[in-house]
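Worksheet for the structure shown next.
For the numbers below, each heavy atom of this structure counts, side chains included, while hydrogens, waters and symmetry mates do not. If you're wondering where the values come from, they're calculated on a predicted model, not measured in any experiment.
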Amino acid sequence: MCVIFLIPATALSQQEGCTDSTALNYNEEAVINDGSCLYSPLSLKPQVLIKKLPKKVFETSGLIWWRNSYWTHNDSGGEHEIYRLDSLTGKILQTVYISNAENVDWEDIDQDDDFIYIGDFGNNLGNRTDLIIYRLPKSEIAQNGHDTVVGEKILFQYGDQEDFTIKNRSNDYDCEALLSYGDSLYLFTKNWADQKSRIYAVPKNPGRYTAFPLDEFTVDGLITGAGMNFHKNQLVLCGYKNYLPFIWILSDFRNNDFFGGNKRRIDFKELLATQTEGITFTGDTTFSLSAERTKLNKAKIFRLDLQEIR
C-alpha cells in the first residue's frame with residue numbers, strides 16, 4: 001500500500017524575510033519577519049514641548065506619563081523622591097518622597113497598572129554590587145499634595161559579571177533603561193566599551209535575584225531610556241552618541257524578543273550637546289523625551305509623533 005501525505009501549501013509558503021514594505025530590502029514573498037529589515041538613514045528634529053524644567057529637576061533621568069502628568073526624578077546624588085510635572089509648563093505639581101530609599105544613581109523609571117519602578121542601577125565605574133529597583137504601590141500615592149511612601153526592594157546582580165575593577169565610563173555593566181513588560185522588568189545596558197546593549201530580566205516581586213543576559217544588539221551609542229507602546233507593540237530606546245541623541249524603534253517582535261523584530265534608528269542631528277535620558281509614550285503614536293541640563297542646553301522635554309516617520 002502506498003500512503004501519500006499531503007502538505008498544505010500554506011506550510012510550504014512560510015518564507016522568512018523582511019515583511020516591512022517601507023524597508024529597503026522588503027520581501028513581498030516573506031510571511032515571517034526575521035528581523036533583517038534595513039532602512040535609509042533618517043534624521044528628525046523633535047518638537048520642544050517644555051523649554052526649561054525647574055531647577056530642582058535639572059538632571060532628569062527617567063520619564064513616565066501617569067495621571068495626565070509627567071513624572072521624573074534626578075540622577076545620582078539627587079534626593080530620593082519623584083516629581084509630578086505639569087504637562088505644559090513643567091512646573092512641579094507634586095513631590096513623592098521614598099522614605100527608605102537612597103539615590104545612589106537613579107537612572108530610569110517605569111510603571112504598570114499597580115506599581116511604579118525606579119531603577120537605581122547606574123554604574124559608570126562598573127564596580128557596583130548594590131544594584132536595586134524600588135517598587136512603589138500606586139495606591140499609596142496621594143492624588144494631590146506632597147506625599148511620603150515606603151518602597152519595596154528588588155535587589156539583583158549580573159550573573160555574567162566577574163570583573164569588578166573600576167573602569168570609569170569604559171565598562172559594559174552600566175544601565176540606564178528600564179522596561180516593565182508582562183511579569184518581568186527588563187534592563188537594557190549602556191555599554192561604554194563596545195557600544196552595544198544587552199537585555200536582562202528580573203521578576204517584579206521584591207527579593208534578591210541573579211540576572212543573566214538574554215540578548216544583545218549593536219546600538220552604536222549609549223542607551224539611556226526605554227518606552228513601550230503596548231497598543232502597537234513598539235518599543236523605543238533613546239540614547240546618545242557624542243552628545244547627539246538618537247532613538248531605536250523596535251517593532252514586530254514576538255513576546256519579549258525585543259531585538260528579534262524590526263530595528264530602525266532615527267538620529268536627532270540638530271540637537272547638538274543634548275543628553276536625552278527619559279522616554280515615555282503619551283498616546284498611540286506620540287512620545288516624549290526628557291533631556292538633562294548640559295553646558296549648552298537647559299533641561300527640557302521634547303515631543304515626537306511616529307506618524308512623522310516614513
Side-chain angles (χ1 to χ4, degrees), residues 15-47 63 65 108 110 176-179 181 186-191 194-199 214-272 274-291 302-310:
Q15 182 171 334
E16 295 187 0
C18 175
T19 58
D20 186 352
S21 60
T22 66
L24 298 174
N25 59 331
Y26 169 59
N27 183 351
E28 61 182 9
E29 297 181 358
V31 177
I32 300 175
N33 184 5
D34 64 357
S36 65
C37 292
L38 302 173
Y39 300 91
S40 300
L42 179 62
S43 180
L44 296 175
K45 185 177 181 180
Q47 171 193 1
L63 197 68
W65 178 255
D108 206 6
D110 206 4
E176 295 194 8
L178 175 67
L179 173 68
Y181 185 85
Y186 292 87
L187 293 77
F188 297 81
T189 59
K190 178 184 182 182
N191 292 16
D194 64 17
Q195 303 283 286
K196 296 180 180 180
S197 183
R198 291 188 310 282
I199 303 175
L214 303 176
D215 200 359
E216 74 172 7
F217 174 58
T218 301
V219 294
D220 189 27
L222 303 174
I223 295 299
T224 57
M228 185 73 185
N229 181 344
F230 290 94
H231 298 294
K232 296 185 178 297
N233 198 39
Q234 292 175 320
L235 170 63
V236 181
L237 302 177
C238 66
Y240 60 89
K241 181 178 182 179
N242 299 324
Y243 292 100
L244 284 175
F246 63 82
I247 58 172
W248 277 100
I249 302 174
L250 311 180
S251 61
D252 198 20
F253 48 81
R254 298 177 183 85
N255 301 318
N256 65 347
D257 185 19
F258 304 115
F259 291 151
N262 299 331
K263 301 172 283 291
R264 185 173 189 182
R265 180 179 173 123
I266 311 295
D267 290 295
F268 302 139
K269 293 182 179 180
E270 295 187 45
L271 301 183
L272 180 65
T274 300
Q275 189 169 326
T276 48
E277 292 282 344
I279 183 169
T280 186
F281 273 87
T282 57
D284 278 348
T285 62
T286 57
F287 64 87
S288 294
L289 293 156
S290 66
F302 300 92
R303 176 184 179 275
L304 188 67
D305 193 330
L306 290 178
Q307 294 186 98
E308 301 173 14
I309 300 172
R310 297 289 184 267

Item checked: Working for side-chain contact (heavy atoms from CB on, under 4.5 Å), residues Phe268 and Thr274 -> CA-CA 9 Å; Phe268 302 139; Thr274 300; over 6 Å; no
Check: So Asn229 and Val236, side-chain contact (heavy atoms from CB on, under 4.5 Å) or not? Walk me through it.
Finding: CA-CA 8 Å; Asn229 181 344; Val236 181; over 6 Å; no
Would a 4.5 Å heavy-atom cut-off, applied to side chains only, mark [X] and [Y] as touching?
X: Phe188; Y: Phe259; value: yes
X: Asp20; Y: Tyr26; value: no
X: Leu244; Y: Leu272; value: yes
X: Leu38; Y: Cys18; value: no
X: Thr286; Y: Phe281; value: no
X: Ser290; Y: Thr276; value: no
X: Pro245; Y: Leu289; value: no
X: Pro46; Y: Leu271; value: yes

Pairwise distance [atom1]([X]) to [atom2]([Y]) - rounded to 0.5 angstrom:
X: Asp34; Y: Thr19; atom1: CG; atom2: OG1; answer: 8.0 Å
X: Glu277; Y: Thr224; atom1: CD; atom2: OG1; answer: 5.0 Å
X: Thr218; Y: Asp194; atom1: OG1; atom2: CG; answer: 7.0 Å
X: Ile32; Y: Asn27; atom1: CD1; atom2: CG; answer: 12.0 Å
X: Leu250; Y: Met228; atom1: CG; atom2: CE; answer: 9.0 Å
X: Lys241; Y: Arg265; atom1: NZ; atom2: CZ; answer: 6.5 Å

Check: Are Phe258 and Tyr181 near enough that their ring centres are under 6.0 Å apart?
Finding: yes
Check: Of all residues at least two apart in sequence or in a different chain, which pass the salt bridge (Lys or Arg N to Asp or Glu O under 4.0 Å) check with Glu216?
Finding: Lys196
Note to self: Going by the rule salt bridge (Lys or Arg N to Asp or Glu O under 4.0 Å), which residues pair with Glu270 if we only count those two or more places apart in sequence or in a different chain?
What the structure shows: Lys45
Margin query: side-chain contact (heavy atoms from CB on, under 4.5 Å), that's the test. Do Cys37 and Asn25 meet it? Break it down for me.
Written below: CA-CA 6 Å; Cys37 292; Asn25 59 331; 4.2 Å; yes
Check: What closest approach, in Å, do Gly261 and Phe253 show between heavy atoms, and which atom pair accounts for it?
Finding: N-CB, 4.0 Å
Item checked: Non-hydrogen atoms of Leu179 and Ala226 that approach each other most closely -> CB-CB, 4.4 Å
Next item on the list: Might you work through the side-chain contact (heavy atoms from CB on, under 4.5 Å) test for Tyr186 and Leu214, ending with a clear yes or no?
Entry: CA-CA 10 Å; Tyr186 292 87; Leu214 303 176; 3.9 Å; yes
For [X] and [Y], indicate whether the former's side chain and the latter's backbone hold a donor-acceptor pair under 3.5 Å.
X: Lys263; Y: Trp248; result: no
X: Asp108; Y: Leu178; result: yes
X: Thr189; Y: Ser197; result: no
X: Asp267; Y: Lys269; result: no

Checklist line | Where at least one partner belongs to residues 230-240, residue pairs that pass side-chain hydrogen bond (donor to acceptor under 3.5 Å, both in side chains), sequence neighbours excluded | finding: Lys190-Tyr240
Margin query: Just to verify, which of Leu63, Leu222, Ile223, Ile247 counts as forming a side chain to side chain contact (heavy atoms under 4.5 Å, CB included) with Cys238?
Written below: Ile247
